[in-house]
Amino acid sequence: MIRLPIDPSLPHLLAAPILLPLATAALMLLIGEQRRRTKAVMNLVSTGFGLLLALGLLVWIDHVDKTAAFGVYLPGNWPVPFGIVLVLDRLSALMLVLTAIVASAVVVYATARWQHGGVYFHVLFQLQLMGLYGAFLTADLFNLFVFFEVLLAASYGLLLHGGGSARVRAGLHYIAINLVASLLLLIGVAAIYAVAGTLNMADIAHKLPLLPESDRGLLYAAATMLAVAFLAKAAAWPLNFWLPPAYAAASAPAAAMFAILTKVGIYAILRLWSLCFPNAPGALPPFGQEVLIWSGLATLGCGAIGMLASQTLGRFAGFSVIASSGTLLAAIGLAQTRLTGGALYYLASSTLAACALYLLVELIDRIREIAAIEEGFDDGGDDLRPFDTPALPEGSNLDDSEQVLTGRPLPAALAFLGLGFGTCALLIAGLPPLSGFVGKFTMLSVLVDGDLRAWALFAMLLISGLLATIGLIRAGMRHFWAGATRSSPRIHLFESLPLAFLLGICVLLTLRAETTLRYTQATARALHSPQLYVEAVLSARPVPPPRSSEPRVDQELPP
Amino acid sequence: MEIVVSMAIGVMGGAGVWLVLRPRTFQVLIGLSLLSYAVNLFIFSVGSLSTGKEPIVKPGLPADLTNYTDPLPQSLVLTAIVIGFATTALFLVVLLALRGLSGGDHVDGREEQP
């Protein structure tokens with residue numbers, strides 16, 4: 001049993017990431033449909049406070065104990081296997097911080113323009129945050145389903161934000177797929193309850209090795225149902241055809257927020273599989289790892305081919321999310337401690353990069369819109385441009401169409417977008433020197449010592465990196481080099497700040513790679529010794545009621 | 001009783017899957033509803049089927065499933081019904097919006113032009 005030197009007020013902070021967005025959303029609903037500025041400020045403040053909270057929890061969990069640290073909170077003060085439990089460990093702290101970073105960037109971006117696209121943007125955004133934080137914190141299987149539904153219901157609204165035929169059509173597919181996946185999740189949860197008689201994840205992990213042989217079949221069926229539901233949400237091949245059109249149709253802030261939604265599926269699989277089917281003596285035989293590896297490899301291949309084939313940047317971003325999911329699934333399936341550590345670092349880097357890319361997609365599309373307007377589609381002849389040719393300065397360098405090459409100013413906004421796109425490309429393709437490369441290299445260095453499956457992942461990582469590079473170079477040439485007019489898009493300050501923030505954090509991840517990798521490796525070690533988690537949760541005791549010297553009033557009442 | 005309940009789950013589940021795979025949106029909606037009924041019935045049945053038993057432990061009797069019925073699946077199914085109902089309503093709204101925007105009720109395709 002692990003005794004933590006906990007400040008007595010601190011355990012209550014574990015519930016704060018869930019309660020804060022819930023309270024904010026409720027307050028916003030009370031304000032009504034008007035007062036968008038007030039709601040934007042509330043959203044900004046609440047999200048920023050959530051980021052501070054998540055960072056605080058991360059720092060705390062990292063400093064408590066070097067081997068395994070858990071914060072366990074019993075919201076209803078019921079004894080452990082009966083009540084709902086919130087558990088903070090290194091993995092959930094990492095996911096909380098990632099969510100908070102993405103959310104902060106997105107909310108600032110949305111205040112520039114997109115918040116005007118619909119009435120309930122801020123409310124839905126906060127509810128989505130609540131679902132995400134809850135899914136990462138809860139240690140109860142049914143509660144996980146409830147938080148999944150909260151975040152999905154909010155994501156349906158966010159996907160439709162802005163309206164339009166394309167969004168509604170994509171939204172219909174997205175809702176139908178996710179409803180079916182949720183029903184599968186429910187079947188899995190119910191069957192797990194039928195087998196184990198409990199819904200607490202730690203208690204399930206504790207009871208599974210004691211199961212009689214006759215119940216194993218139902219357990220494996222339940223685990224398969226759960227896995228199919230999580231894999232559909234994590235966009236594993238062949239359950240991922242909904243993702244690129246849905247994410248490409250969503251408004252930029254919604255799509256950027258969705259970059260973390262697939263990671264919830266990954267998180268759930270990592271959590272449940274490391275708890276229930278660990279590679280440890282005395283545990284159940286490994287189940288489903290092969291399927292995870294090969295479906296991960298297929299997903300990675302699907303993402304890589306999709307990146308090469310996609311014609312628009314929005315679809316490219318969708319396939320890059322799929323490729324990142326595939327890498328993570330295969331790494332989880334291989335279940336080696338050092339590999340998982342590298343994969344978690346890659347998860348952080350790729351989530352931030354995908355979020356930044358989705359924000360960039362809209363800004364880059366704005367260049368093309370402006371160029372289209374300037375070239376004039378409906379040029380009826382009454383608005384001809386004057387033929388004047390200004391006198392060229394001496395010794396000018398001319399390009400093919402006799403235009404001056406030197407001395408033409410590159411608009412600042414265009415330079416910023418180009419720089420952002422280049423950084424994003426390095427991160428997504430996993431090229432040196434940024435964090436995408438560090439994550440991939442960490443995984444590759446472990447995979448070298450592996451068997452055939454490890455080598456397959458090794459090869460797929462390199463090939464997908466190459467295909468991503470080709471796709472990104474093509475997109476960059478089309479958008480930044482080939483344009484005949486160098487028209488500068490108007491970019492709001494609040495649209496460039498989050499982009500710089502996200503890419504700056506990726507640079508920080510690169511500069512502080514050793515610290516981050518030390519953290520993710522400690523996370524992986526804790527994940528691969530699940531008995532620590534089980535002991536920490538099962539040994540949590542409810543807080544005894546306060547003892548008062550006077551007898552309680554209700555005991556004096558006549559029955 | 002087990003055979004009746006499992007047949008009901010099976011029939012509703014089968015009909016639901018068939019309807020979800022149909023091309024028109026209203027069929028998908030009904031299919032999703034049927035599927036969620038099947039799943040709710042399934043959750044209800046995992047807590048051991050019995051008639052005339054209360055989910056209350058009586059004093060003097062040992063608290064096992066021969067003397068009372070498990071209350072947890074009932075509370076789970078209640079949550080699942082509420083959530084399923086809300087999401088189905090949302091799906092209905094999107095269905096109507098799509099009908100208004102595209103003029104057809106196809107999930108993926110288009111109405112054939114004569």
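Values below: every heavy atom of this structure, side chains too, minus hydrogens, waters and symmetry copies. As the structure is a computational prediction, the values presented were derived from the model and not from experiment. In what follows, every chain begins at residue 1, and chains take the letters A, B, ... in the order their sequences are listed.
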Notebook entry, point to check: Do B:Asp105 and B:Arg24 meet the salt-bridge criterion of a basic N to acidic O distance under 4.0 Å?
Noted result: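 Judged by the 4.0 Å cut-off on N to carboxylate O distance, B:Arg24 and B:Asp105 do form a salt bridge.
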Checklist line | Residue from B:Val4, B:Ile3, B:Val5 passing side-chain contact (heavy atoms from CB on, under 4.5 Å) with B:Met7 | finding: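 Exactly one candidate clears the test, B:Ile3.
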Checklist line | chain A contacts, top residue of B:Leu72, B:Val20, B:Leu35, B:Val28 (heavy-atom pairs, under 4.5 Å) | finding: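 Most heavy-atom pairs under 4.5 Å with chain A: B:Leu72.
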Notebook entry, point to check: Of the listed residues (B:Thr88, B:Val17, B:Leu95, B:Asp108), which shares the most heavy-atom pairs with chain A below a 4.5 Å separation?
Noted result: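 The candidate making the most pairs under 4.5 Å is B:Asp108.
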Contacting moiety of [X], where chain A heavy atoms sit under 4.5 Å:
X       : value
B:Ile83 : side chain
B:Thr25 : side chain
B:Asp70 : side chain
B:Ser36 : both

Notebook entry, point to check: How about A:Phe230 and A:Phe148: are their ring centroids closer than 6.0 Å?
Noted result: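 Centroid separation for A:Phe230 and A:Phe148: below 6.0 Å.
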Notebook entry, point to check: Quick one: what part of A:Leu152 sits under 4.5 Å from any heavy atom of chain B, side chain, backbone, both or neither?
Noted result: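 Looking at A:Leu152, nothing touches chain B.
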Notebook entry, point to check: Checking heavy atoms, do the side chain of A:Leu199, its backbone, both or neither come under 4.5 Å from chain B?
Noted result: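 Only the side chain of A:Leu199 comes within 4.5 Å of chain B.
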Note to self: Tell me if a side-chain donor or acceptor on B:Ser33 pairs with a main-chain N or O of B:Leu29 at a distance below 3.5 Å.
What the structure shows: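 Yes.
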Item checked: Short side-chain to backbone donor-acceptor contact, A:Asn178 and A:Tyr174, under 3.5 Å ->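 Present.
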Check: Does A:Ser155 reach the side chain of A:Phe258, with side-chain heavy atoms less than 4.5 Å apart?
Finding: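 Yes. Closest side-chain heavy atoms under 4.5 Å.
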